[in-house]
Structure formats: C-alpha cells, structure tokens
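Some notes on the structure that comes next.
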Amino acid sequence: MIDKLERILATARAIPPGRVTSYGRLAMHAGFPRGARLAVAALRGADDETVPWHRILRADGRIAFPPDHPHHAEQAQRLRAESVMVRNGRVDLGRFGWRVDAPDLLLPPD
DNA sequence: CTCATGACTAGCT
DNA sequence: TAGCTAGCCATGA
C-alpha cells in the first residue's frame, strides 16, 4: 500500500529537470497502468523535498491546481526555473514531456 | 459494507 | 477549446 506510493515517489524522482510527465504516465512507469489517482495520493502525502512534484501535470499538460491556488503559481515558477515554457498554466507535453528510455530498468523489479 | 473524496483520464459533444 | 460523463483506485468516515 504505502509501498505503492513510495514506488511512485521513487519514479517521480527519476524525472530529469526540464522534463514533465502526467499523473497517469508517472503511475504507469511505476507499474500501475490505471493509477493516476494513486499518483495523486502519493504526491499529496509526500512532504518530501526530494520529490519534484512540480514536474507532474495533467494528461493535457495543464497544471492540476486551480489557477487561484497558491501552488499553481509556485509550480509554474519552478518549471520556468528549469526552462520549461508554461503558458496559461499549460505545458507542451510533446516538447517537454519526459521520454523514458528504459522504463523497466528505472526501478528494481520488486 | 457503502459512500465520499481526490493535484486524474479517455471519450464524446 | 470547453464542458460533461463514466471509469478509475486507495483511503477514511
């Protein structure tokens, strides 16, 4: 249970700076095909500073937080600090999307 | 056990 | 592009 969440967080840490991915894809790479909401649970409970939460977006490339939410601005700022273009709370996934070269080798089989 | 709740998605209008 | 819907799945009341 918590292992699943940790697994997702570990995968999130593998996202390189300047790259982004979606909740669903993050979960998929962690080994949970339909676990978008699992990714949410993992990130929500993670107060860990080593987790690059700002590199996780919705499947359409938009920031998940509502525009008026404090995290929205912070996330955009952090992304721009990594040279990721954010326009109207949205990122072009085709351009900045995380390309995983070896999905299976990201984490131990466990 | 049922119900509500999320930083969600894919599909359709 | 925007809105709506059914499906998704762990967690907690």
Side-chain angles (χ1 to χ4, degrees):
Chain A
M1 283 105 318
I2 294 183
D3 290 340
K4 293 184 180 179
L5 303 187
E6 280 301 327
R7 180 78 180 261
I8 289 177
L9 294 182
T11 304
R13 292 191 189 91
I15 306 173
R19 290 279 151 180
V20 299
T21 192
S22 68
Y23 295 88
R25 293 187 74 73
L26 172 63
M28 182 186 69
H29 290 312
F32 313 106
R34 277 163 244 92
R37 312 206 84 130
L38 266 190
V40 172
L43 293 175
R44 188 161 54 96
D47 48 327
D48 195 332
E49 203 60 51
T50 70
V51 179
W53 58 270
H54 59 284
R55 306 208 261 254
I56 320 293
L57 308 167
R58 283 192 191 167
D60 59 6
R62 293 184 359 185
I63 291 177
F65 295 103
D68 57 306
H69 194 293
H71 285 353
H72 188 283
E74 184 183 348
Q75 184 163 14
Q77 181 185 359
R78 288 198 181 206
L79 286 174
R80 280 192 267 258
E82 298 181 352
S83 305
V84 174
M85 289 184 70
V86 183
R87 218 180 51 183
N88 295 323
R90 176 180 309 178
V91 173
D92 186 339
L93 290 183
R95 191 165 143 195
F96 298 100
W98 181 29
R99 313 283 176 86
V100 184
D101 29 323
D104 309 19
L105 303 180
L106 277 179
L107 297 168
D110 256 328

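The sequence lines fix the lettering, A, B, ..., with proteins before strands; numbering per chain opens at 1.
If you check every strand for non-hydrogen atoms under 4.0 Å, A:Leu43 touches a base.
Considering only residues two or more places apart in sequence or on other chains, A:His69 meets the ring pair (Phe, Tyr, Trp, His ring centres under 6.0 Å) condition with A:Phe65, A:His71.
Taking atom CZ of residue A:Arg44 and atom C1' of nucleotide B:dT5, one finds them 8 Å apart after rounding to whole Å. Residue A:Phe32 contributes atom CZ, which lies 11 Å from atom C1' of C:dA10 at whole-angstrom precision. Computed from coordinates, the A:Ile8 CD1 to C:dT11 C1' distance equals 14 Å when rounded to whole Å. In this entry the distance linking CG of A:Leu5 with C1' of C:dG12 reads 14 Å, nearest Å. Rounded to whole angstrom, the span from the NZ atom of A:Lys4 across to the P atom of C:dT11 amounts to 8 Å. With rounding to whole Å, A:Arg34 atom CZ is found 6 Å from C:dC9 atom P. Spacing between atom CG of A:Asp68 and atom C1' of B:dA7 amounts to 13 Å, rounded to whole angstrom units.
Each of A:Ala41 and A:Arg62 has a nearest nucleotide on DNA chain C; the 5'-most of these lies closest to A:Arg62.
Using modelled atom types, no side-chain atom of A:Asn88 and backbone atom of A:Arg90 make a donor-acceptor pair closer than 3.5 Å. Using a distance-only test at 3.5 Å, with no hydrogens or angles considered, no donor-acceptor pair links the side chain of A:Arg58 to the main chain of A:Ile63.
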Along nucleotides 8-13 of chain B, 5' to 3', which nucleotides get a B, which get an S, and which get a -, given that the test is a protein heavy-atom distance under 4.0 Å?
BSS---
Atom pairs and distances, side-chain donor-acceptor, residues 77-85 of chain A, under 3.5 Å, sequence neighbours left out:
residue: A:Arg78; atom: NE; partner: A:Glu74; partner atom: OE2; Å: 3.3
residue: A:Arg78; atom: NH2; partner: A:Glu74; partner atom: OE2; Å: 3.1
residue: A:Arg80; atom: NH1; partner: A:Val86; partner atom: O; Å: 2.8
residue: A:Glu82; atom: OE1; partner: A:Gly18; partner atom: N; Å: 3.0
residue: A:Glu82; atom: OE1; partner: A:Arg55; partner atom: NH1; Å: 3.1
residue: A:Glu82; atom: OE2; partner: A:His54; partner atom: NE2; Å: 2.9
residue: A:Glu82; atom: OE2; partner: A:Arg55; partner atom: NH1; Å: 2.4

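Taking the side chain as every heavy atom from C-beta outward, A:Arg25 and A:Val100 never approach each other to under 4.5 Å.
With P as the reference atom, C:dG7 and B:dA7 are 23 Å apart, rounded to whole Å.
Taking every heavy atom of both residues into account, A:Ile8 and A:Ala42 meet most closely at CG2-CB, 3.9 Å.
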